[in-house]
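One is the number of the first residue; the rest follow in order along the sequence. In listed order, ligands and their atoms are each counted from 1.
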Amino acid sequence: MTTFSYWEQQCLDSVDWVVVGAGLVGLQSARCLKEFNPKSRVLVLDAHAMGNAASLRNAGFACFGSAGELLDEIQRTSEAEAVSLYEKRFFGIQRLLQRYGSHQLGFEATGGMEVFSAADVAESDRVIGSLPYLNQLLEPLQPGGAFAVCDTRPTGMKVLDQGVMAPAEGGLQTHLLYQTVRQDALAHGVEIYEGMRVLGWVESTSAVEVQLENGMPIKAQRLLVCTNGFTKQLMPAVAVSPARGQVFVTSPLPELPFQGIFHANQGYIYFRSLGNRLLIGGARNLDFAGEETFDMSVTSAFEQHLKAYVETVVLPGSEVDFTHRWSGIMGMDNNRNPLIGWHSDRVCLAVRMGGMGVALSSWVAEEVVRVVKGDIGI
Ligand SMILES: Cc1cc2nc3c(=O)[nH]c(=O)nc-3n(C[C@H](O)[C@H](O)[C@H](O)COP(=O)(O)OP(=O)(O)OC[C@H]3O[C@@H](n4cnc5c(N)ncnc54)[C@H](O)[C@@H]3O)c2cc1C
């Protein structure tokens with residue numbers, strides 16, 4: 001029979017909040033809960049060391065949505081909703097930069113460039129023609145202009161000569177962001193335990209009894225679920241589906257004619273410089289159904305597709321090899337807004353971060369506290 005020491009049980013005793021998931025959302029939400037009530041005990045539990053989901057497996061874009069994506073979102077929802085989602089991402093990045101500073105996050109203000117391939121003339125006309133309208137919509141947020149037409153020729157890419165630059169975007173070093181956020185949570189008194197897979201919970205009128213795979217007993221006053229793409233494993237009825245993102249990094253290149261972050265194919269393909277390497281990812285639109293999975297492998301079909309894209313469009317005429325390949329799981333739904341609020345009396349949710357959860361995460365953490373304070377609810 002597995003036994004647990006008195007001391008182990010002390011670690012899990014008299015807990016106010018159990019936060020499930022030590023990703024960027026869980027860690028920042030825990031920090032904000034602790035800041036809101038410094039006397040409370042806030043524990044973050046994660047099944048894995050270093051998360052193993054999205055927060056250390058993303059592309060490190062500090063981005064808010066390209067002009068093309070914003071137009072699509074306006075069509076799918078409404079001007080007000082699309083701008084509100086854009087605002088949350090924009091505010092989220094500003095908050096991270098204000099709190100920690102660019103240096104701590106490895107942030108480089110390169111701007112983000114949207115490029116169009118020769119087959120995308122109509123899309124390019126649509127997007128570039130709509131820039132005055134989009135800039136006016138975003139004027140209160142970015143008075144200098146959220147988007148501007150730019151010349152893509154200096155990049156050497158095989159794309160249309162005109163692209164769209166979003167000057168406020170840039171690249172982060174994902175590991176620095178994660179380490180900084182984790183350290184900050186610890187410094188605020190949050191306790192983090194990894195290797196703790198939550199299987200479920202039983203809620204009573206006085207507490208939530210959390211069931212762990214390792215059998216350790218733990219009771220808390222409240223539970224916050226921050227499992228994003230894995231939420232359906234715990235709560236099948238919640239509207240958030242897994243969406244795998246595959247990423248590849250080249251070996252160091254003799255020459256990389258550009259630095260910065262780039263969006264292509266309506267945002268489905270993204271690439272960026274990592275020093276003299278190129279990181280490329282995405283292309284989920286090749287097989288949406290196949291990528292709705294918890295499986296964290298990479299597939300040769302995606303690898304070949306993205307390699308061909310690099311060799312024909314990004315660095316035309318070159319031959320590249322990938323030295324790093326991985327995938328991560330995002331949490332998606334047709335509704336692109338994060339799902340934040342009380343699920344029951346003692347269980348709160350902060351999930352469904354979509355493709356830009358790095359940008360959203362600090363806004364989400366503050367929203368969790370607003371929900372907990374009772375300012376709003378779902
Ligand atoms: C390939 C890829 C590229 C991306 N690129 C960008 C980008 O450039 N810019 C951007 O803004 N966003 C990007 N994202 C999205 C962003 O990374 C995520 O939205 C964000 O990291 C989500 O953070 P999170 O804390 O909600 O979830 P996660 O980081 O997924 O954390 C969830 C945690 O829950 C844990 N967990 C799950 N189930 C259990 C359980 N039962 N018990 C205990 N623990 C559990 C997991 O181990 C995990 O650590 C990308 C995502 C991917 C996958």
Q: Students should be able to answer this: which protein heavy-atom is nearest to atom 8 (O) of ligand 1, and at what distance?
A: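 Residue, atom and distance for the closest contact: Phe61 N, 2.8 Å.
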Q: Please report the interatomic distance NZ(Lys158) to CD(Glu311), rounded to the nearest 0.5 Å.
A: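 Reported to 0.5 Å precision, the distance equals 13.0 Å.
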Q: With a 3.5 Å cut-off and no angle check, do the side chains of Ser344 and Glu203 form a donor-acceptor pair?
A: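 Ser344 vs Glu203: donor-acceptor pair found between side chains.
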Q: Below 4.0 Å from any atom of ligand 1, is there a heavy atom belonging to Arg244?
A: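 Arg244: no contact with ligand 1 (<4.0 Å).
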Q: What I want to know is whether Leu24 and ligand 1 share at least one N or O pair that is separated by under 3.5 angstrom.
A: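 Leu24 vs ligand 1: N/O contact under 3.5 Å present.
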Q: Would you mind listing which atoms of ligand 1 come within a distance below 4.0 Å of any non-hydrogen atom of Gly328?
A: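 Those atoms are 53 (C).
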Q: Could you label the plane-to-plane angle of the Phe288 and Tyr268 rings as parallel, tilted or perpendicular, counting under 30° as parallel and over 60° as perpendicular?
A: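 Geometry flag for Tyr268 against Phe288: perpendicular rings.
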Q: Could you walk me through whether Asn214 and Thr2 pass the side chain to side chain contact (heavy atoms under 4.5 Å, CB included) check?
A: CA-CA 9 Å; Asn214 61 16; Thr2 314; over 6 Å; no
Q: In the protein, what heavy atom is nearest to atom 31 (O) of ligand 1, and what distance, to one decimal place, separates them?
A: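 Here the nearest protein heavy atom works out to Gly23 CA, 3.6 Å.
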Q: Would Val358 count as a polar contact of ligand 1, with the cut-off being nitrogen or oxygen pairs under 3.5 Å?
A: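 Between Val358 and ligand 1, an N or O pair is found under 3.5 Å apart.
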Q: Answer side chain, backbone, both or neither: which part of Val20 comes under 4.0 Å from ligand 1, heavy atoms only.
A: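 Side chain only.
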Q: Answer side chain, backbone, both or neither: which part of Met196 comes under 4.0 Å from ligand 1, heavy atoms only.
A: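 Only the backbone of Met196 comes within reach of ligand 1.
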Q: Tell me the protein heavy atom at minimum distance from atom 35 (C) of ligand 1, and give that distance in Å.
A: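 It is Asp46 OD2, 3.3 Å.
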Q: Which ligand 1 atoms, with their elements, are less than 4.0 angstrom from a heavy-atom of Arg57?
A: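 Selected atoms, number and element: 1 (C), 2 (C).
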Q: Counting from 1, what ligand 1 atoms have a heavy atom of Gly21 closer than 4.0 Å?
A: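 What qualifies from ligand 1 is 33 (C), 34 (O), 35 (C).
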Q: For a 4.5 angstrom cut-off between non-hydrogen side-chain atoms, does Trp201 reach Val225?
A: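 Yes; the side chains approach each other to less than 4.5 Å.
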Q: List every atom of ligand 1 that sits less than 4.0 Å from any heavy atom of Ala359, numbering the atoms from 1 in the order shown and giving each element.
A: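 Result: 11 (O).
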Q: How does Val247 reach ligand 1, if at all, at less than 4.0 Å between non-hydrogen atoms: by side chain, backbone, both, or neither?
A: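 Side chain only.
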Q: Would you check the N or O atoms of Val25, main chain and side chain alike, for any that come under 3.5 Å of an N or O of ligand 1?
A: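 Val25 vs ligand 1: N/O contact under 3.5 Å present.
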Q: Hey, does Ile329 come in under 3.5 Å of ligand 1, counting only N/O atoms on both sides?
A: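 No; every N/O pair is 3.5 Å or more apart.
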Q: May I ask you to list the atoms of ligand 1 that are less than 4.0 angstrom from any heavy atom of His48?
A: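 Answer, ordered by atom number: 47 (O).
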Q: Under a 3.5 Å threshold, yes or no: a donor from one side chain and an acceptor from the other, between Thr323 and Arg277?
A: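 Yes, Arg277 and Thr323 have a side-chain donor paired with an acceptor closer than 3.5 Å.
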Q: At a 4.0 Å cut-off, with the gap strictly under it, does some heavy atom of Trp326 reach an atom of ligand 1?
A: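 Under 4.0 Å: no for Trp326.
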Q: Is it the case that the side chains of Arg31 and Gln28 hold a donor-acceptor pair, with the cut-off being a distance below 3.5 Å and no angle test?
A: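 Checked: Gln28/Arg31 side chains show no N/O donor-acceptor pair below 3.5 Å.
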Q: Taking atom 22 (C) of ligand 1 as the point of reference, which of Asn228, Leu199, Leu45 owns the nearest heavy atom?
A: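 Answer by nearest heavy atom: Asn228.
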Q: Need the ligand 1 atom indices (1-based, order shown) with element for anything under 4.0 Å from a heavy-atom of Met353.
A: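 It comes down to these atoms of ligand 1: 19 (O), 26 (O).
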Q: Mind checking whether Cys226 contacts ligand 1 via backbone (N, CA, C, O), side chain (CB onward), both or neither, at a 4.0 Å heavy-atom cut-off?
A: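 Answer for Cys226: backbone.
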Q: Compute the minimum heavy-atom distance from Gly60 to ligand 1 and say whether it is under 4.0 Å.
A: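 Flag set, Gly60 near ligand 1.
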Q: Indicate yes or no: does an N/O atom of Ser55 lie under 3.5 Å from an N/O atom of ligand 1?
A: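 Yes; the residue has a nitrogen or oxygen that sits under 3.5 Å from a nitrogen or oxygen of the ligand.
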Q: When you compare ligand 1 with Gly355, is there at least one nitrogen or oxygen pair between them that comes in under 3.5 angstrom?
A: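 Between Gly355 and ligand 1 (N or O atoms, distance only) the closest approach is under 3.5 Å.
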Q: Under 3.5 Å, N or O to N or O, is Val198 touching ligand 1 that way?
A: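 Yes, there is a polar N/O contact under 3.5 Å.
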Q: Check whether any side-chain heavy atom of Val371 sits under 4.5 Å from a side-chain heavy atom of Trp342, and report yes or no.
A: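 A side-chain contact exists here, since the closest heavy-atom pair is under 4.5 Å.
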Q: Which ligand 1 atoms does Ala59 reach within 4.0 Å, using its non-hydrogen atoms?
A: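 Counting from 1, the qualifying ligand atoms are 3 (C), 4 (C), 5 (N), 6 (C), 8 (O).
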Q: Walk me through whether Arg182 and Glu194 qualify under salt bridge (Lys or Arg N to Asp or Glu O under 4.0 Å).
A: CA-CA 12 Å; Arg182 192 175 189 282; Glu194 280 130 355; 3.2 Å; yes
Q: Geometry only, no angles: is Tyr270 polar-contacting ligand 1 at N/O separations under 3.5 Å?
A: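 Tyr270 vs ligand 1: no N/O contact under 3.5 Å.
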Q: Return yes if a side-chain donor-acceptor contact under 3.5 Å exists between Glu79 and Tyr133, otherwise no.
A: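 Yes, side-chain donor-acceptor contact under 3.5 Å.
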Q: Rounded to the nearest 0.5 Å, what separates atom SG in Cys150 from atom CD1 in Ile128?
A: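 So the gap between those two atoms works out to 8.0 Å.
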Q: Just distances here: any N/O of Met330 and N/O of ligand 1 closer than 3.5 Å?
A: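 N/O-N/O distance under 3.5 Å: no.
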Q: Below 4.0 Å from any atom of ligand 1, is there a heavy atom belonging to Ser327?
A: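 For ligand 1, residue contact (heavy atoms, under 4.0 Å) with Ser327 is absent.
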Q: Just which atoms of ligand 1 are under 4.0 Å from any heavy atom in Phe230?
A: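 Within the 4.0 Å cut-off of Phe230, ligand 1 contributes 37 (C), 38 (N).
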Q: Run the side chain to side chain contact (heavy atoms under 4.5 Å, CB included) check on Tyr86 and Leu134 step by step: do they pass?
A: CA-CA 11 Å; Tyr86 184 97; Leu134 294 177; over 6 Å; no
Q: Have a look at Asn58, Leu212, Val364, Val44 and point out the one with the heavy atom closest to atom 6 (C) of ligand 1.
A: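 The residue whose heavy atom sits nearest atom 6 (C) of ligand 1 is Asn58.
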Q: Out of His305, Arg325, Glu303, Glu291, which residue meets the side-chain hydrogen bond (donor to acceptor under 3.5 Å, both in side chains) rule with Gln246?
A: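 Among the candidates, only Glu291 passes.
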